[in-house]
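Count residues from 1 along the sequence.
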Amino acid sequence: MERRAFLGAAAGLVAAPRVVGAQGAQARTLRFVPQANLASLDPIWSTAVVVRNHGLMVYDTLYGLGSDFRPRPQMAAGHEITDDGKRWTVTLREGLRFHDGEPVRAEDCVASIRRWAKRDVLGQRLDALLDEIRALDDRRFEMRLKKPWPGLAFAFGKPSANMCAIMPARIAATDPFTQLTDSTGSGPFRFRRDLFRPGDLAVYERFDGYQPRQEAADFLAGGKQVHFDRVEWRVMPDPSTASAALQNNEADWWETPHADLLPLLRRNRDIVVDLINTAGNLGVLRFNFLNPPFDNVAVRRALLPAVDQQAFMNAAMGTDPSLFRVPAGAFTPGTPLANDAGLEVLSGPRDVEAARRALRESGYRNERVVMLSATDLPVLQSLAEVAADLLRRVGFNVDLQAMDWGTHIQRRNNRGPVDQGGWSVFCTTWEGLDVSVPGSHQPIRGHGAQAWAGWPTIPRLEELREAWFEAPDLDAEKRIAAEMQRVVWQEVPFIPLGQVLPSMAYRRSITGVVKGGPALFWGVRRA
């Protein structure tokens, strides 16, 4: 999820040495059930939340966001801004080392920033503004910009896709459109590639060479203190299996329990069920602009009168209104830039017959519509099933293709037509922090081949996004966001499906679970 059955044969693999009692080994191991299979190891290549979470464990970032969402130095000791805001000099703090024992140098940061800047939406802005980036010595690097950008530290520190993960220069030299296989970072945990079994188990061990900041942890800022020697991600695609594991003390933490199972988990006095973050995730229906039929804007618009956000949310999250929010526009509900501009296209009375008429008038020629569905992510699978049914009722020739999430995120990078393995439409969710502002809102980008999967070319959205960066105050930002939302209804790069408010579940023996953002594994301990 963009932000997303344990096979017990792993016992021999993860057993502790005989000299350590089983109870002691368990006390130093955190057993975590992630939202999906870890199908990629590269947080620059993939926007999947599960890949981002992997990245937060093994990599560190130059800055980290506090609970107030303001950036603070993390790997950086600090920075100096000169030349009327156009020159940034960043100094690294002492003692930073990679998992292979090599010190973190400024040249590693330069190479990592260059790779990140080719894929991330804010990184691409830096790429466009950058006159030069260079290492001054081992601990300092300099960036010279064409014009000031006060938000640069936020871009380096944001935890959402794509995070600016700092890696050795030899690895960062990899083409940003090629996936990494080497997860050498400088973060609190080392990834055990030799123990990795995709679809089953991912193992992380505490990196003894990590030196946390000497200050209290605050969201992604401050000192990342590690209290477990080992974290095991135990992939359990079946929700019933994951629920049983948590209840039977075979798992400590389930990242995204299925909504149908929350009442059962709440009745267990040993389990805590809590909201992850109030921004939640925005469900989206995403179209492929490169191939028929959704290369035709009239075809995309035809679907709007029939989309029932309530139906999508009921299927994905159940009928408990605390687990979702509708109506939802182009920006995260409950955040400053959320607005009602043109929202009646989704909040007004639903009319499937009007959608059918619009489709007949659009020039649609019964082209096959390949919809991708992720079977191991219940929320996404439910959204896809509702969408496929809706498309069929409106008159589309739908081919719903089910696959695991790992295959899904690989498949959606195929830009070819459907008869060459391509796709037409899919459902996913984006983290609320990502889609709360234009700068990091990937689904709203309109820059063609460089855009997120779907690759829309919508110059007006790009113009408005640039205007948002220059906005002098919040009122100006709100006016720009309202206009962007109107363009979304005109051009339809995606359709919002509602705001998902996911919960997490963990055993009461686990303390220090950080709320308000992504799953974190530092600061967590056993009571």
Side-chain angles (χ1 to χ4, degrees), residues 42-45 47 55 59-65 70-92 104-178 180 434 437-442 444-452 459 461-471:
D42 188 347
I44 304 302
W45 182 88
T47 59
Y59 299 105
D60 212 348
T61 54
L62 292 167
Y63 296 82
L65 300 190
R70 295 182 180 275
R72 303 177 197 171
Q74 183 53 241
M75 296 177 75
H79 63 262
E80 182 183 12
I81 303 175
T82 56
D83 192 15
D84 295 325
K86 292 185 290 186
R87 187 187 302 267
W88 286 57
T89 304
V90 179
T91 302
L92 298 176
V104 178
R105 299 181 175 91
E107 64 183 29
D108 301 305
C109 299
V110 169
S112 298
I113 291 169
R114 283 176 172 157
R115 185 170 190 265
W116 164 78
K118 299 298 182 184
R119 296 300 300 264
D120 178 71
V121 285
L122 295 185
Q124 288 165 357
R125 177 171 178 78
L126 173 62
D127 204 33
L129 290 179
L130 205 56
D131 267 339
E132 183 183 23
I133 180 171
R134 64 188 181 114
L136 299 177
D137 51 42
D138 281 352
R139 289 188 55 213
R140 295 183 305 142
F141 66 93
E142 177 187 84
M143 294 171 288
R144 291 193 296 108
L145 309 177
K146 295 179 176 67
K147 60 181 179 179
W149 184 19
L152 182 54
F154 176 91
F156 285 150
K158 69 183 177 70
S160 43
N162 303 84
M163 59 176 286
C164 186
I166 301 302
M167 54 191 68
R170 61 181 174 82
I171 299 174
T174 304
D175 186 290
F177 293 91
T178 299
L180 297 178
D434 279 337
V437 296
S440 56
H441 196 315
Q442 295 212 39
I444 214 168
R445 295 296 309 270
H447 57 317
Q450 300 302 313
W452 178 51
L461 285 177
E462 291 299 291
E463 293 170 4
L464 288 167
R465 180 176 181 267
E466 285 301 308
W468 175 81
F469 280 113
E470 305 292 336

Would you please name every residue forming a side chain to side chain donor-acceptor pair (under 3.5 Å) with Lys86, sequence neighbours left out? none

The residue among Glu132, Glu142, Glu80 that forms side chain to side chain donor-acceptor pair (under 3.5 Å) with Arg87 is Glu142

Could you tell me if the side chain of Val110 sits less than 4.5 Å from the side chain of Arg134, heavy atoms only? no

Residues that Trp88 engages under ring-ring contact (aromatic ring centres under 6.0 Å, His included), provided they are two or more places apart: His79

Under 3.5 Å: donor-acceptor pair, side chain of Asp108, backbone of Arg105: yes

Student check: side-chain heavy atoms of Ile166 and Thr61 closer than 4.5 Å: no

Side-chain contact, heavy-atom cut-off 4.5 Å: Asp83 with Arg144? no

Do Asp84 and Pro148 have side chains that approach each other closer than 4.5 Å (heavy atoms only, starting at C-beta)? no

Just jot down the salt bridge (charged side-chain N to carboxylate O under 4.0 Å, His left out) partners of Asp137, sequence neighbours excluded, or say none. Arg140

Kindly indicate whether the side chain of Leu145, heavy atoms from C-beta on, has any atom under 4.5 Å from the side chain of Asp131. no

I'd like to check the salt bridge (charged side-chain N to carboxylate O under 4.0 Å, His left out) partners of Asp42; sequence neighbours left out, ordered by chain and number. Arg115

Return yes if some donor-acceptor pair links the side-chain N/O of Arg72 with the main-chain N/O of Gly64 below 3.5 Å, else return no. no

Within the 4.5 Å heavy-atom criterion, are Leu62 and Ile113 side-chain neighbours or not? yes

Validation: residues 461-471 side-chain donor-acceptor distances under 3.5 Å, sequence neighbours left out:
{"residue": "Glu462", "atom": "OE1", "partner": "Arg445", "partner atom": "NE", "Å": "3.4"}
{"residue": "Glu462", "atom": "OE1", "partner": "Arg445", "partner atom": "NH2", "Å": "2.6"}
{"residue": "Glu462", "atom": "OE2", "partner": "Arg445", "partner atom": "NE", "Å": "2.9"}
{"residue": "Glu462", "atom": "OE2", "partner": "Gly446", "partner atom": "N", "Å": "2.9"}
{"residue": "Glu463", "atom": "OE1", "partner": "Arg460", "partner atom": "NH1", "Å": "3.2"}
{"residue": "Arg465", "atom": "NE", "partner": "Pro438", "partner atom": "O", "Å": "3.4"}
{"residue": "Arg465", "atom": "NH2", "partner": "Val121", "partner atom": "O", "Å": "3.0"}
{"residue": "Arg465", "atom": "NH2", "partner": "Gly439", "partner atom": "O", "Å": "2.9"}
{"residue": "Glu466", "atom": "OE1", "partner": "Arg125", "partner atom": "NH1", "Å": "2.7"}
{"residue": "Glu466", "atom": "OE2", "partner": "Arg125", "partner atom": "NH1", "Å": "3.2"}
{"residue": "Trp468", "atom": "NE1", "partner": "Glu477", "partner atom": "OE1", "Å": "2.9"}
{"residue": "Glu470", "atom": "OE2", "partner": "Lys147", "partner atom": "NZ", "Å": "2.8"}

Listed once per pair and sorted, the ring pair (Phe, Tyr, Trp, His ring centres under 6.0 Å) pairs that draw on residues 115-141, sequence neighbours left out: Trp116-Phe156

Can you find a heavy atom in the side chain of Asp127 that is under 4.5 Å from one in the side chain of Lys118? yes

